[in-house]
Amino acid sequence: MSFPVTRLRRLRRTDALRALVRETSLSLDDVVMPLFACPGEGVVRPVEGLPGIAQRSVDEVVREGAELARAGVRAVLLFGIPEEKDGEGSEAWNEDGIVQRALRALRAEVPGLTLLTDVCLCEYTDHGHCGVLDGDTVANDETLDLLARTAVSHVEGGAEAVCPSDMMDGRVGAIRAVLPETPIVSYAVKYASAFYGPFREVAESAPSFGDRRGYQMDPANIREALRECALDLEEGADVLMVKPALPYLDVIRSVRERFDCPVWAYQVSGEYAMVRAAAEAGHLDERAAALEALTAIKRAGAGTIVTYWAKDLAGWL
Ligand code: PBG
């Protein structure tokens with residue numbers, strides 16, 4: 001049946017009607033807020049490229065965590081900026097390292113908040129790559145044990161799920177072997193993306209030479225993304241994550257259709273920074289653009305989104 005009998009505008013007339021037929025909705029249950037822990041006390045150091053986001057000392061991480069929990073955000077993803085970096089990234093698995101201390105403080109003082117950690121070495125190595133080097137390349141197998149140790153130290157600190165983001169082959173299996181009970185949220189499909197720029201500023205993790213194309217995925221590939229997912233599930237991943245989100249909606253959709261596990265997406269720093277910059281210049285409405293992007297990522301198939309707007313979302317919903 002077509003026009004004049006069918007008139008799709010009939011259901012668009014009022015807010016209430018639109019809400020009744022809406023196919024996708026956003027909820028605070030489905031967002032995770034990234035937090036960046038740094039040394040010191042009383043430190044809240046804003047980052048130019050990522051307005052509204054800051055490096056925070058452990059006491060300030062706790063203060064922010066408590067605010068997030070009060071606002072209704074249920075989960076945070078912790079990153080660390082260590083005091084010292086070295087070739088191996090050994091601060092990553094130090095039991096008194098920055099993330100481990102932040103975890104213990106949050107666990108004690110904000111018990112309601114679910115704590116996830118990013119497992120990677122790039123914030124901890126003096127060369128900024130995600131694993132140990134062999135000449136100019138990142139040595140895959142030598143890195144696995146270090147990632148597993150890092151994940152164990154996070155769980156001992158109080159992490160409830162670990163999120164490996166390094167893109168070494170076999171890392172999920174290496175972590176699963178030592179942590180049979182811990183949920184693993186695998187950054188299974190992580191592209192070598194230009195949209196991570198502002199993150200590397202806040203995490204102080206830009207590679208000192210070269211780039212990450214030798215381990216992160218080529219943005220041109222989607223079949224390879226599905227192979228990454230299948231392997232990570234076989235190795236024991238519980239959740240598959242696609243990253244970045246908005247430029248990769250087709251990938252999110254394909255992963256959602258192919259696999260029955262939870263699928264998450266990471267709306268990365270560049271996606272956030274672009275909208276913030278355009279909004280600050282007066283060219284668009286931040287709230288409307290953010291809600292539209294988040295809705296699109298959910299519509300594509302992501303159940304949960306890691307997003308720098310998680311806190312704002314609590315006020316918007
Ligand atoms: C660590 C890591 C990165 C991001 C999350 N975990 C950076 C990278 O791979 O260079 C990016 C997150 C963002 O841009 O918001 N490897």
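Counting begins at 1 with the first residue of the sequence. For ligands, and for the atoms within them, numbers begin at 1 and follow the listed sequence. Remember, it's a predicted structure, so these values are computed and weren't measured experimentally.
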Hey, is ligand 1 close enough to Lys190 that some N/O pair sits below 3.5 Å?
yes
Output yes when the distance from some N or O of ligand 1 to some N or O of Arg200 is under 3.5 Å, and no in every other case.
yes
The answer for which part of Phe79 has a heavy atom under 4.0 Å from ligand 1 is side chain
Let me check something: do Val132 and Phe209 share a hydrophobic cluster, defined by ILVMFWY side-chain heavy atoms less than 4.5 Å apart, either directly or through other members?
yes
Kindly say whether the aromatic ring centers of Tyr266 and Tyr248 come within a distance under 6.0 Å.
no
Heavy-atom contact check, 4.0 Å cutoff: does Gln267 meet ligand 1?
no
Relative to the ring of Tyr308, is the ring of Tyr272 parallel (under 30°), tilted (30 to 60°) or perpendicular (over 60°)?
tilted
Using a 4.0 Å cut-off to any heavy atom of Cys122, which atoms of ligand 1 qualify?
1 (C), 16 (N)
Give the intermediate values and the outcome of side-chain hydrogen bond (donor to acceptor under 3.5 Å, both in side chains) for residues Thr143 and Arg171.
CA-CA 9 Å; Thr143 300; Arg171 85 280 174 85; over 6 Å; no
Between Ser205 and ligand 1, is there a nitrogen or oxygen pair with a distance under 3.5 Å?
no
Measure the distances from the heavy atoms of Tyr308 to every atom of ligand 1 and state whether one is below 4.0 angstrom.
yes
My understanding is that we take every heavy atom of each candidate and find the minimum distance to atom 11 (C) of ligand 1. Doing that for His129, Lys243, Glu271, Met167, which one comes out nearest?
Lys243
Applying a 4.0 Å heavy-atom criterion (strictly less than), which segment of Asp118 is in contact with ligand 1: side chain, backbone, both, or neither?
side chain
Donor-acceptor pair, side chain of Asp238 and main chain of Ile184, under 3.5 angstrom:
yes
Below 4.0 Å, non-hydrogen atoms only: which portion of Cys120 touches ligand 1? Side chain, backbone, both or neither.
side chain
